[in-house]
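Both counts, for ligands and for their atoms, begin at 1 and track the order of listing. In what follows, every heavy atom counts, from backbone to side chain, and hydrogens, waters and symmetry copies are set aside.
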Amino acid sequence: MPLDSRLKNFRDLSPAERVDHIAGLLHLNAEDTALLTQPGALPLDIADGMIENVLGKFELPYAVASNFQVNGRDVLVPLVVEEPSIVAAASYMAKLARPGGGFQTSSSAPLMRAQIQLTGVSDPHGARHALLRKRDDILALANSRDALLQKLGGGCREIEIHTFESSPVGPMVVLHLIVDVRDAMGANTVNTMAEAVAPLVEKTTGGKVRLRILSNLADLRLARAQARFAPEVFESAQYRGSEVIDGIIEAYTFAAIDPYRAATHNKGIMNGIDPLVVATGNDWRAIEAGAHAYAARQGHYGSLTTWEKDKQGHLVGTIEMPMALGLVGGATKTHPLAQLSLRILGVGSAQELAEIAVAVGLAQNLGALRALATEGIQRGHMALHARNIAMLAGATGDEIGQVVDAMVRNKDVRADRASALLAELRGQ
Ligand SMILES: CC(C)(COP(=O)([O-])OP(=O)([O-])OC[C@H]1O[C@@H](n2cnc3c(N)ncnc32)[C@H](O)[C@@H]1OP(=O)([O-])[O-])[C@@H](O)C(=O)NCCC(=O)NCCSC(=O)C[C@@](C)(O)CC(=O)[O-]
Ligand SMILES: NC(=O)C1=CN([C@@H]2O[C@H](COP(=O)(O)OP(=O)(O)OC[C@H]3O[C@@H](n4cnc5c(N)ncnc54)[C@H](OP(=O)(O)O)[C@@H]3O)[C@@H](O)[C@H]2O)C=CC1
């Protein structure tokens with residue numbers, strides 16, 4: 001039976017009960033569930049092999065967002081993050097997207113760029129033409145470094161030459177290798193190719209190659225998502241649906257014209273994307289760098305999403321951004337939980353993963369905009385953050401719920417209030 005990602009009353013279960021429920025839905029085995037329920041999912045010897053000077057491990061909460069439907073397929077989205085209300089907001093907006101068919105997505109081929117910086121050339125245009133004449137040799141040399149990738153249908157596809165006639169260190173020519181990296185994030189793959197072709201680039205131009213490294217502005221590796229919302233889904237006792245839609249479009253417009261707002265707006269998008277990137281063992285710094293560079297590509301830092309109204313007055317949201325995610329390579333295969341995340345997602349390609357990631361980003365953006373354009377962010381966010389505050393004040397077990405309820409009821413979610421309530425509860 002196909003998965004139904006609407007997890008009814010899931011929030012009311014204990015973590016162990018949630019794992020049982022998901023295991024039943026996705027046919028996870030005991031080894032899989034042990035990764036979530038037992039300590040030590042990442043053995044220390046594996047951690048020690050991943051980075052340098054390891055002392056231990058740092059754990060974060062691992063959750064799933066519910067209700068997601070992507071291209072007609074229900075999917076549970078693993079999210080690893082420290083901030084409250086993100087999982088709730090994503091699940092909520094995915095729920096509101098369902099009547100409109102959920103999220104429709106697409107993506108470009110997984111093309112990455114590697115840059116080879118060439119200095120010491122007095123005739124950058126001449127060097128450009130010389131390199132273009134050598135295109136086939138450069139591609140062949142790059143591809144000779146990764147037979148497996150070629151067998152998988154990937155490989156170096158094209159070169160691009162960017163010329164900078166003047167710079168503080170003289171003219172500069174930058175050769176880009178455009179590489180189809182298939183299901184890898186591709187940094188190591190393209191870096192190896194860039195280093196391999198550097199001597200040929202020097203020989204062809206008489207210049208000096210300096211840097212040979214990928215660009216995180218992965219503007220040829222784009223993932224896109226779209227969703228449509230009828231006004232009724234936003235209707236409530238306090239707000240008319242059409243009013244909410246207008247508020248969301250005004251909020252988006254603010255981000256589109258003002259970089260101070262755009263930074264926060266895009267942070268809200270990354271609230272959804274980064275936790276999925278972490279859950280799948282991918283490089284979140286690379287995704288962040290690509291996102292913000294892409295948001296500034298037109299010389300003005302703007303929004304990664306758009307929100308508009310169609311002829312029927314429905315809200316239409318879109319997102320398009322670089323998404324260099326891998327199913328293989330990096331830590332995706334070393335971290336056992338990263339592999340479990342891929343099984344939960346049921347994705348078969350890096351492109352499919354990238355498309356789900358941007359769908360979550362779009363949902364997360366809407367969650368924030370809907371709250372900001374209506375009641376403000378604090379009620380929903382602080383109600384969920386109240387648990388952290390109560391625990392910080394020392395509440396344990398049943399005390400946590402009691403302190404949270406009292407703070408939320410009085411709209412007063414503060415550490416000193418939590419301490420006072422806890423003291424009252426304990427009769428101190
Ligand atoms: C937080 C909500 C969802 C509450 O919203 P609510 O109306 O109180 O929620 P509800 O109790 O009516 O539940 C509605 C649905 O939300 C989900 N939900 C609700 N609660 C839970 C929970 N405990 N556990 C799991 N799921 C939950 C769940 O899907 C539920 O459906 P149901 O399961 O009932 O059919 C809402 O207020 C909201 O979406 N707020 C926005 C929160 C947000 O954006 N947080 C990000 C952090 S703020 C930030 O960093 C970014 C920002 C804001 O600056 C970006 C920007 O400025 O653009
Ligand atoms: N600026 C940045 O963002 C930088 C990031 N990094 C890091 O690089 C790592 C990612 O690099 P990446 O190249 O993805 O990792 P890896 O080199 O670990 O893995 C990629 C390799 O996996 C093999 N492979 C097996 N199956 C497939 C498949 N289906 N599709 C594609 N390749 C496959 C390929 O060939 P083969 O087996 O022949 O190798 C490929 O070269 C991350 O850890 C990242 O943090 C590194 C430098 C800079």
Ligand 2-proximal atoms of [X], by part, heavy-atom distance under 4.0 Å:
X      : result
Leu152 : side chain
Asp283 : side chain
Asn188 : both
Val181 : backbone
Leu327 : neither
Leu214 : side chain

Counting only heavy atoms, which portion of [X] has something under 4.0 Å from ligand 1: side chain, backbone, both, or neither?
X      : result
Leu384 : side chain
Ile377 : side chain
Asn67  : side chain
Glu83  : side chain

Going by the closest heavy atom to atom 35 (O) of ligand 1, which one wins out of Lys95, Glu375, Arg261? Lys95
Could you tell me whether ligand 1 has any atom less than 4.0 Å away from a heavy atom of Arg379?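 For ligand 1, residue contact (heavy atoms, under 4.0 Å) with Arg379 is present.
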Any idea which atoms of ligand 1 are less than 4.0 Å away from a heavy-atom of [X]?
X      : result
Thr264 : 54 (O), 55 (C), 56 (C), 57 (O), 58 (O)
Ser91  : 29 (O)
Leu372 : 56 (C), 57 (O), 58 (O)
Asn271 : 46 (C), 47 (C), 49 (C), 50 (O), 51 (C)

Is [X] in polar range of ligand 1, meaning some N or O pair under 3.5 Å apart?
X      : value
Gln364 : no
His265 : no
His381 : no

Does the ring centre of Phe103 sit less than 6.0 Å away from the ring centre of Phe68? yes
Carboxylate-amine/guanidinium contact Arg6 Asp74, below 4.0 Å: no
